[in-house]
Amino acid sequence: MSTKPEDIFKNIVSHCKEYGYIFQSSEIYDGLSAVYDYAQNGAELKKNIREYWWKAMVQLNENIVGIDAAIFMHPTTWKASGHVDAFNDPLIDNKDSKKRYRADVLIEDFVAKIEDKILKEIEKAAKRFENFDETVYRSTNARVIEYQTKINDINLRFKTALNDNNLNEIRQLIIDCEIVCPISGTKNWTDVRQFNLMFSTAIGSVSDEANTIYLRPETAQGIFVNYLNVQKTGRMKLPFGIAQTGKAFRNEIVARQFIFRMREFEQMEMQFFVKPGTEMQWYEHWKNNRLKWHLSLELGKHNYKFHDHIKLAHYANAACDIEFQFPFGFKELEGIHSRTDFDLKQHEQHSGKKLQFFDVEENRSYVPYVVETSVGLDRLFLSILSAAYKEEKLEGGDSRIVLSLPPALAPIKVAVFPLVKKDGLPELAEKIITELKYNFNVSYDEKDTVGKRYRRQDAIGTPFCVTVDHQSLQDNTVTVRNRDTMNQERMPISNLLAYFEEKVSLKSLLKQL
RNA sequence: GCGGAAGUAGCUCAAUUGGUAGAGCUCCAGCCUUCCAAGCUGGAGGUUGCGGGUUCGAGACCCGUCUUCCGCUCCA
């Protein structure tokens, strides 16, 4: 087992498979690229993370409610959000420089270059002639006319090709224009390919273009389209938030790094609706609040940092990421964006419905501003797992692999062992299991030496092991072994429930917030 | 998507020039009865990712394909 930093990530990925956390999707059919399944332990951990987030957002904040909107949404939703137009780019690669370009941008840049030439001609002419009339010049100068004709031809072909979705024609246009790659200077182009970031499918049993719907690329729009419904039926007043967890789907060009970037993934988002003008104050509030939530997991303060966006998306007036130090470097974990009133206004326009809030104090209606917190559940899962994964060297040359998961998030909270498989010890252990199983996920193991059983539980991150020995039969006490310290403590069986309740429940995490 | 590398048991890896697919760990059934892995016996587990080709013979060589890793590229 190597401890070189570049190997740690590989080891974590293997560990995930070997101990039932994450399997590749459809593995028996050679797998499906960038799609993964959560296994028996992974599903528990993921569920616990989701629950912690949900309680921190919804249960602890009186003015935040949660919804569960459908993955299928009316197609117009994605026109309004900008996903249909903004993310359907025809792409082309130069085979020599290996650089990728948007085919439409290459053509537009080429057209812009010709237009520059026309402008230069006009500039020169304007200096030469008095009483210069640009319109006349444009319609009479042979060179300008030639340029303009070329532009018109290109634009016509380009427009037709786009409308017909004729990717071959777009490529031919690039070749005919003799457009070269600015890096390699060659015209050695691949085919033009369309990358649709959204997955589409057909609703209804008869396939028909009009029935195309998309699998949502983000959960946020499910919140925006329900803004008014929730505000009215929940009698919500600004500022208030709507939270949601759920699957989203993106047809990534390159999806890699295990579960960090998957085609199907789960988001945990909260859209916080505020009075315009107060958004920066709430933006700061949620930045701090969300970082505090992450730090409560005690995975190391040094593993987190803010990354402010300098280049903002079209809908935002402030944005930052909370980044986490993954084994492959600092990467985005959660985004906090001040989205202005962009989304609600877009939906107002496309739906024709007013999505406003009546402010009693000001006696007027307005479209609220939105501050968004959006965290990837799968990335959060990976961050927790990779921080928890430890290859320890113990005294005496021993080593062990332990997942030091936050106890409240561990898939199994307590394992119960009979020290030996006889003398009535298994029976007493089973009795303890029965007492604990209504409160916690518990596990029983009687196979192999007790030391081996401890290691097995360490590997899946079980925070506590209870061992029943011969003394237990006499005085009803057992030993409780701590995963991280490996220390043992003897206590009465009757104390176990309260002891574990304090150590492994979400309550202790929530109280830190 | 491009370039490079890889794919053999659940895991980690062997298999000389192309010549009978193996080990350790894990797992299962027992033995032992032990508070921190690696004691003993037995057992299960493989069309060598998949498909084709060359060959008397392919885990190895060739072609295709799928998946993974690294770099580039893209990223709401």
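Residue numbers begin at 1 in each chain, while the letters A, B, ... track the order of the sequences.
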Inset, instruction - Look through every strand shown and name the nucleotide pairing with A58(B) as Watson-Crick or G-U wobble, where both distances are under 3.5 Å. - result: none
Inset, instruction - Test for a donor-acceptor pair under 3.5 Å between the base of C11(B) and the side chain of E18(A), counting only N and O atoms. - result: no
Legend entry - base_contact_polar (C35(B) base, R481(A) side chain, donor-acceptor, <3.5 Å): no
Legend entry - Counter-base of C72(B), judged by Watson-Crick or G-U geometry with both distances under 3.5 Å: G1(B)
Legend entry - Rounded distance in Å between the C1' positions of C31(B) and U68(B): 43 Å
Inset, instruction - Please determine if a side-chain N or O atom of K17(A) lies less than 4.0 Å away from the OP1 or OP2 oxygen of C11(B). - result: yes
Legend entry - Between G30(B) (C1') and D448(A) (CG): distance, integer Å: 13 Å
Inset, instruction - Using atom CD of E391(A) as one end and atom P of U12(B) as the other, report the distance to the nearest whole Å. - result: 13 Å
Legend entry - Given E284(A), E372(A), E279(A), the one that forms side chain to side chain contact (heavy atoms under 4.5 Å, CB included) with S338(A): E279(A)
Inset, instruction - Hunt down the Watson-Crick or G-U wobble partner of A6(B), both distances under 3.5 Å, from any strand shown, or write none. - result: U67(B)
Inset, instruction - May I ask which nucleotide in the shown strands pairs with C13(B), Watson-Crick or G-U wobble, both distances under 3.5 Å? - result: G22(B)
Legend entry - Nearest-nucleotide pick for K447(A), side chain only, options being A76(B), A29(B), C35(B): A29(B)
Legend entry - T219(A) backbone acceptor or donor facing Q244(A) side chain under 3.5 Å: yes
Legend entry - Short side-chain N/O contact to U73(B) OP1/OP2 from R261(A), under 4.0 Å: no
Inset, instruction - Provide, to the nearest angstrom, the distance between the CG atom belonging to N11(A) and the C1' atom belonging to C13(B). - result: 14 Å
Legend entry - Within-4.5 Å side-chain heavy-atom neighbours: V370(A) and D341(A): no
Legend entry - Partner set under salt bridge (charged side-chain N to carboxylate O under 4.0 Å, His left out) for R456(A), not counting sequence neighbours: D445(A), D448(A)
Inset, instruction - For F328(A), answer base if it contacts any base atom (sugar-phosphate contacts may also be present), sugar-phosphate if it contacts only those atoms, and nothing otherwise; contact means non-hydrogen atoms under 4.0 Å. - result: nothing
Legend entry - Nucleotide nearest S14(A) when distance is taken to its side chain, options C35(B), U12(B), G10(B): U12(B)
Legend entry - Pair assignment for G45(B), Watson-Crick or G-U wobble, requiring both distances under 3.5 Å: none
Inset, instruction - Both distances under 3.5 Å, Watson-Crick or G-U wobble: report the partner of U33(B), or none. - result: none
Inset, instruction - Check whether any side-chain nitrogen or oxygen of K452(A) sits under 4.0 Å from OP1 or OP2 of U26(B), and answer yes or no. - result: yes
Inset, instruction - Give Q24(A) one of three labels, base, sugar-phosphate or nothing, depending on what nucleic acid heavy atoms sit under 4.0 Å from its own. - result: sugar-phosphate
Legend entry - D469(A) side-chain proximity, nearest of A76(B), C35(B), U68(B): C35(B)
Legend entry - Salt-bridge present (R453(A), E446(A); N to O < 4.0 Å): no
